[in-house]
Amino acid sequence: MTAERVNPPDLSPPTGFSHAVVATGSRVVFLAGQTALDADGKVVGATLPEQFTRALTNLLTALRAAGGTPADLARVTVYTTDVAAYRAHARELGRTWRELLGRDYPAMAVVEVVRLWDEQAMIELDGFALLP
């Protein structure tokens, strides 16, 4: 499997994402939305950065269980109940991303939603990965 990150010079320089990911591979893994749930099904983390870290860790746990690695992520969508708070914590969230995944950014979007399935959840991440 190969994944080529494409960031055309005619578009605004991407920060923390890629404009496009061209991938070839034989397996696609669709990752369900992950919030900051612990193993007992309880939302953990009182702040958006704490919940982001747990949700991202949960997403990576599902990916690894399917045989993938962070570099295999092709697309991630972030759903948040507060885009302003997400932007205010962007540097910290970016640090967390780089610590857990490195700098191979998938195509991404951040979407504000009224609420998530678990009322205490502030953030949810889903995506898909391409495996060899």
Side-chain angles (χ1 to χ4, degrees):
M1 192 278 309
T2 62
E4 175 191 0
R5 273 65 171 155
V6 179
N7 294 300
D10 296 344
L11 295 177
S12 173
T15 303
F17 71 96
S18 292
H19 284 291
V21 176
V22 178
T24 56
S26 60
R27 294 177 61 211
V28 177
V29 177
F30 294 92
L31 298 161
Q34 299 294 324
T35 60
L37 292 179
D38 65 12
D40 294 324
K42 294 183 174 78
V43 174
V44 295
T47 68
L48 188 132
E50 290 170 338
Q51 287 197 15
F52 178 83
T53 299
R54 182 57 184 242
L56 185 55
T57 299
N58 289 348
L59 189 77
L60 294 174
T61 297
L63 175 59
R64 286 185 178 105
T69 68
D72 297 323
L73 281 171
R75 170 109 179 125
V76 171
T77 302
V78 177
Y79 303 93
T80 180
T81 57
D82 189 345
V83 167
Y86 187 92
R87 291 177 64 96
H89 292 286
R91 284 187 192 272
E92 184 178 355
L93 302 179
R95 268 193 309 275
T96 298
W97 182 278
R98 290 186 299 278
E99 287 170 9
L100 295 175
L101 285 97
R103 292 182 177 269
D104 286 330
Y105 298 110
M108 293 181 70
V110 177
V111 179
E112 185 171 86
V113 295
V114 174
R115 71 168 290 239
L116 297 164
W117 183 262
D118 298 299
E119 286 189 49
Q120 305 86 357
M122 298 176 217
I123 198 155
E124 183 170 335
L125 292 88
D126 74 7
F128 68 87
L130 298 159
L131 281 59

Considering all heavy atoms, the nearest A32-L59 contact: O-CD1, 3.9 Å

All N/O donor-acceptor pairs, side-chain side in residues 99-123, below 3.5 Å, sequence neighbours left out:
{"unit_1": "E112", "atom_1": "OE2", "unit_2": "V83", "atom_2": "N", "d": "2.8"}
{"unit_1": "R115", "atom_1": "NH2", "unit_2": "W117", "atom_2": "O", "d": "3.0"}

Is it possible for you to say whether Y79 and L93 belong to one hydrophobic cluster, with membership spreading through side-chain heavy-atom contacts below 4.5 Å? no

Considering all heavy atoms of both residues, which atom of R5 and which atom of S18 are nearest to each other, and what is their separation? CG-OG, 3.0 Å

Exam field: side chain E92 to backbone H89, donor-acceptor pair closer than 3.5 Å: no

Can you label the angle between the Y86 ring and the F52 ring as parallel, tilted or perpendicular, going by 30° and 60°? perpendicular

Atom of L131, atom of G68 and distance for their closest heavy-atom approach: CD2-N, 3.7 Å

Exercise: identify the closest heavy-atom pair between R64 and P70: NH2-CG, 3.5 Å

Kindly compute the distance separating CG (L31) from CG (D126), expressed to the nearest 0.5 Å. 8.0 Å

Would you check if L130 and D72 make a side-chain contact, meaning some heavy-atom pair closer than 4.5 Å? no

Hey, what do you get for CG (L48) to CZ (R87), rounding to the nearest 0.5 Å? 13.5 Å

Under the 3.5 angstrom rule, does the side chain of D40 hit a backbone N or O of K42 as a donor-acceptor pair? no

Taking the side chain from E4 and the backbone from V22, do they hold a donor-acceptor pair closer than 3.5 Å? no

When you look at V43 and L37, which way does the side-chain contact (heavy atoms from CB on, under 4.5 Å) test go after all the steps? CA-CA 4 Å; V43 174; L37 292 179; 3.7 Å; yes

So, using ring-ring contact (aromatic ring centres under 6.0 Å, His included) as the criterion, who are the partners of F17 when residues are at least two apart? H19

Hey, what do you get for OG1 (T57) to CG (D38), rounding to the nearest 0.5 Å? 12.5 Å

Do you see a donor-acceptor pair shorter than 3.5 Å between the side chains of N58 and T61? no

